[in-house]
Amino acid sequence: MAKNYDIRMKRIYTDASQADGTRALADRLWPRGIKKAEAKIDLWCKKVTPSNELRKSYHSKEIKFEAFAERYLNELNTHADELLPLMRAARQGRLTLLSAVKELEHSHVPVLRYAIDSALRHEDEQAEGSEPSSPVCFATSFTNNE
């Protein structure tokens with residue numbers, strides 16, 4: 001039976017809460033106006049953000065969200081080992097992905113959440129809930145899922 005993982009999204013500008021669980025910043029650059037000491041960040045996941053080229057294509061409306069999401073999932077697949085800290089955090093309890101973007105639902109954050117959840121479910125199916133061991137275990141889940 002598949003475990004349900006509690007992976008949430010939140011703007012970094014919203015106050016931190018104990019209910020956030022592990023707080024992971026999912027932006028390449030540090031958000032403006034936020035002091036590092038006050039951010040209460042547990043992880044900063046710079047390497048799991050979209051490439052500059054992909055991000056610029058999406059923001060300039062050269063590509064639609066569906067194409068952006070597909071390309072971003074492919075990028076994540078090329079460095080899937082960077083998801084391991086996020087996967088471990090999600091296995092331990094609630095994981096809150098933080099970003100400075102204004103519209104979380106139309107950004108990279110829900111795609112990242114999907115990738116983490118898919119990798120965890122794929123690994124659960126393969127190893128029945130063991131701790132993540134290597135990116136090889138789940139790298140194919142991004143391209144084979146839905």
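If you're wondering where the values come from, they're calculated on a predicted model, not measured in any experiment.
Between K47 and E75, no side-chain nitrogen of the basic residue sits less than 4.0 Å from a carboxylate oxygen of the acidic one, so the salt-bridge criterion is not met. Under a 4.0 Å N-O distance rule, the pair R55/D27 does not qualify as a salt bridge. Look at K10 and D20 and you find a salt bridge, because one of the NZ, NE, NH1 or NH2 atoms lies within 4.0 Å of a carboxylate O, short of that distance.
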Pair L104, L97 - check side chain to side chain contact (heavy atoms under 4.5 Å, CB included), show working. CA-CA 10 Å; L104 283 174; L97 300 173; over 6 Å; no
Worked verdict on L112 versus T49 for side chain to side chain contact (heavy atoms under 4.5 Å, CB included): CA-CA 8 Å; L112 177 60; T49 59; over 6 Å; no
Carefully, step by step, assess D6 and L95 under the rule side chain to side chain contact (heavy atoms under 4.5 Å, CB included). CA-CA 6 Å; D6 190 1; L95 169 64; over 6 Å; no
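The main-chain N or O of A115 is never found under 3.5 Å from a side-chain atom of S118 such that the two would form a donor-acceptor pair. A donor-acceptor pair under 3.5 Å is absent between the side-chain atoms of R8 and the main chain of L98, judged by distance alone. Proximity of a side-chain donor or acceptor of H108 to a complementary backbone N or O of A26 within less than 3.5 Å is detected.
A continuous path of ILVMFWY side-chain contacts below 4.5 Å connects V109 to F65, so both sit in one hydrophobic cluster. No chain of hydrophobic side-chain contacts below 4.5 Å, direct or via other Ile, Leu, Val, Met, Phe, Trp or Tyr residues, connects L83 to I41. Under the 4.5 Å side-chain heavy-atom criterion for Ile, Leu, Val, Met, Phe, Trp and Tyr, I63 and Y114 are members of the same hydrophobic cluster.
In terms of heavy-atom proximity, P50 sits nearest to F68 at CG-CZ, 3.8 Å.
For the atom pair CD of Q126 and NE2 of H122, the computed distance is 4.5 Å after rounding to the nearest 0.5 Å. Summarising the geometry, atom CH2 belonging to W44 is positioned 7.5 Å from atom CG belonging to L29; distances are rounded to the nearest 0.5 Å. K40 NZ to L25 CG: the interatomic distance, rounded to the nearest 0.5 Å, is 15.5 Å. To the nearest 0.5 Å, atoms CD1 (I7) and CG (L120) are separated by 5.5 Å. A distance of 8.5 Å separates OG in S17 from CZ in R23, rounded to the nearest 0.5 Å. The distance from the CG atom of L84 to the CZ atom of R88 is 5.0 Å, given to the nearest 0.5 Å.
Around CG of N52, the count of heavy atoms belonging to other residues, nucleotides or ligands within 6.0 Å exceeds 12. Heavy atoms from other residues, nucleotides or ligands lying under 6.0 Å from NE2 of H59 number more than 12.
With sequence neighbours left out, the salt bridge (charged side-chain N to carboxylate O under 4.0 Å, His left out) criterion links R11 to no other residue.
Using modelled atom types, one finds no donor on one side chain facing an acceptor on the other under 3.5 Å when comparing R121 with Y5. A donor and an acceptor atom, one from each side chain of E53 and S51, are nowhere located under 3.5 Å apart.
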